[in-house]
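Starting from 1, each residue takes its place in the sequence as its number. Values below: all heavy atoms of this structure, side chains included; hydrogens, waters and symmetry mates excluded.
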Amino acid sequence: MKKVFIFTLLFYFTHNTFAQNVITTITPNSNDSRVITTGVPFILIGADPRAAGLADMGVATSADAFSQQWNPSKAAFALSKQGIGVTYTPYLGKLVNDVFLGNITYYNRINEQSAVGASFRYFSSGEIELRETVDQEPLIVKPNEMLFDLTYSLRVSERIALAVTGRYIRSDLKLQTAIEDANAASTFAVDISSYYQSEEIPMNSFDGRWRAGINISNLGSKLKYDETGQESFLPTNLALGAGFDFILDEYNTLGVTAQFNKLLVPTPPIYGTERTFEDFDGDGVYDPNVDTLISDTNGVIYKGQDPNVNFFKGVFQSFGDAPNGFSEELNELTWALGAEYWYRDVFAFRAGYFNEHVTKGARKFFSLGAGFKYTTINIDISYLISTSKVVSPLEGTLRFGLTFNFGDEYDEY
């Protein structure tokens, strides 16, 4: 027993003496801006001019042919039995003319309670010339990304609908002169959404109608372009919105909507440099200029959590992993406000404002839009005006869309 006691004291003394002679420091790298980046970001671009005119809002607006991107459950509240929407969005229009986002979407109300929908989106990065010398014949490549999805929407009550969406995503950004084993990356994702629309509520001088929606989109595994490359998260997004329609009379309606978004992707941590020194002579001096340097390693997490997790864990981690705590989590929320005025259900005017914190991307812009309905055809346009120092790729771009509605009409109001 006495030997065990003496051995324990010796171990404790030796361990503490050694600990006092070694010091490890982590110096944080300067990184005030922690923008969350993902793969296939084209999925988040507003593909239709109606939502674009409302500052990229659509989770709680009334149903239309483009509900598939924003809140697929809205299809169960569509006024026409079937609809097809086609849009074209120039991208980086001030610099090039061959980068664009194309979109076609379709829905069909099977009956009073359910609907199906589908869409196809294609993002072209234009033509890129690859050559090693000026005189060499260039190799022309055309990087592109696309998705295809299907939805089933069901009204679980008179005023509430739920929907599940399955999505196939393909990203072909490989360059033939780069990594030889690089291939087009592909994956599958799921959306889960819900939509609520109230009955008309009589007010003193007008009628009203509430709207609300939620959509958790792009739940799926990471993208990987080659065996050694880094995996990229999908832009998994939580969208929450609510709105109110002021039905002023039989000719005039004004809808006001607000929406919040948060990427359900881990926040990049603050990295630092780890330096470990040992005081060999015991004089209490740890001099980095002497050969006491044991390690000098970049990439040590100074503050925050490790973002190298699977997508499922990343969703839950994204709610509490910001290095600066709850205040930074709030900064990761984007918000938008928009208003849509309809006259005789024939002409519409739209306006909106979108805001993103300066440390999370700094997107800030006003949007304007208009719509015109002639028999079964809707024509929509929108225009973006950036108010941020960070120039938007869609600055000064007109977006166009056509909608064709056909079949029986439903009375939802």
Side-chain angles (χ1 to χ4, degrees), residues 46 48 50-80 83 107 109 112-115 117 151 153-165 191-217 237-262 333-345 348-355 367 369 371 373 378 380 409-413:
D48 69 283
R50 184 197 176 199
L54 293 170
D56 286 356
M57 283 196 303
V59 73
T61 54
S62 58
D64 61 13
F66 303 108
S67 298
Q68 188 74 3
Q69 176 177 2
W70 307 102
N71 187 342
S73 59
K74 295 193 299 182
F77 285 88
L79 298 180
S80 298
Y107 75 87
R109 284 193 67 170
E112 291 277 354
Q113 303 299 322
S114 59
T151 289
S153 176
L154 176 67
R155 291 173 73 156
V156 295
S157 71
E158 185 179 358
R159 296 298 165 188
I160 298 176
L162 303 176
V164 176
T165 303
D191 294 1
I192 302 173
S193 59
S194 180
Y195 179 70
Y196 166 79
Q197 181 172 277
S198 74
E199 297 180 348
E200 289 190 14
I201 305 170
M203 303 290 184
N204 291 332
S205 57
F206 62 90
D207 290 343
R209 180 173 52 240
W210 288 102
R211 295 171 278 103
I214 180 174
N215 186 19
I216 303 176
S217 58
N237 184 70
L238 170 64
L240 291 167
F244 187 80
D245 292 331
F246 295 86
I247 307 171
L248 305 177
D249 53 43
E250 60 179 318
Y251 300 127
N252 300 278
T253 301
L254 175 65
V256 179
T257 309
Q259 181 171 318
F260 295 88
N261 291 275
K262 176 176 170 52
L333 291 174
T334 66
W335 57 266
L337 295 172
E340 180 180 48
Y341 167 75
W342 275 97
Y343 176 71
R344 285 180 174 265
D345 288 331
F349 178 77
R350 307 176 182 110
Y353 179 74
F354 180 94
N355 181 82
S367 63
K373 182 177 181 180
N378 290 30
D380 296 292
E409 293 291 322
Y410 290 87
D411 183 11
E412 294 291 345
Y413 307 134

Indicate yes or no: at least one non-hydrogen side-chain atom of [X] is less than 4.5 angstrom from one of [Y].
X: Tyr251; Y: Asp345; value: no
X: Thr61; Y: Thr257; value: yes
X: Ile247; Y: Glu200; value: yes
X: Thr334; Y: Gln259; value: no
X: Glu112; Y: Tyr410; value: yes
X: Ser194; Y: Ile160; value: yes

Decide, yes or no, whether a salt bridge links Arg159 with Glu199 under the criterion of side-chain N to carboxylate O below 4.0 Å.
yes
Arg50/Glu340 salt bridge by N-O under 4.0 Å criterion:
yes
Listed partners of Ser153 passing side-chain hydrogen bond (donor to acceptor under 3.5 Å, both in side chains), at least two apart:
none
In a check of side-chain hydrogen bond (donor to acceptor under 3.5 Å, both in side chains) between Thr165 and each of Thr151, Asn71, Asn215, which one passes?
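One option only clears the test, and that one is Thr151.
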Set of salt bridge (charged side-chain N to carboxylate O under 4.0 Å, His left out) partners for Lys373, sequence neighbours left out:
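With neighbours one apart ignored, the set is empty.
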Tell me if the centroids of the rings in Tyr353 and Trp335 come within less than 6.0 Å of each other.
yes
Return the orientation label for the Tyr343 and Tyr341 ring planes: parallel under 30°, perpendicular over 60°, tilted otherwise.
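It falls in the parallel class, under 30°.
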Does the plane of the ring in Phe246 sit parallel, tilted or perpendicular to the ring in Phe206? Use 30° and 60° as the thresholds.
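Answer is tilted, since the angle falls between 30° and 60°.
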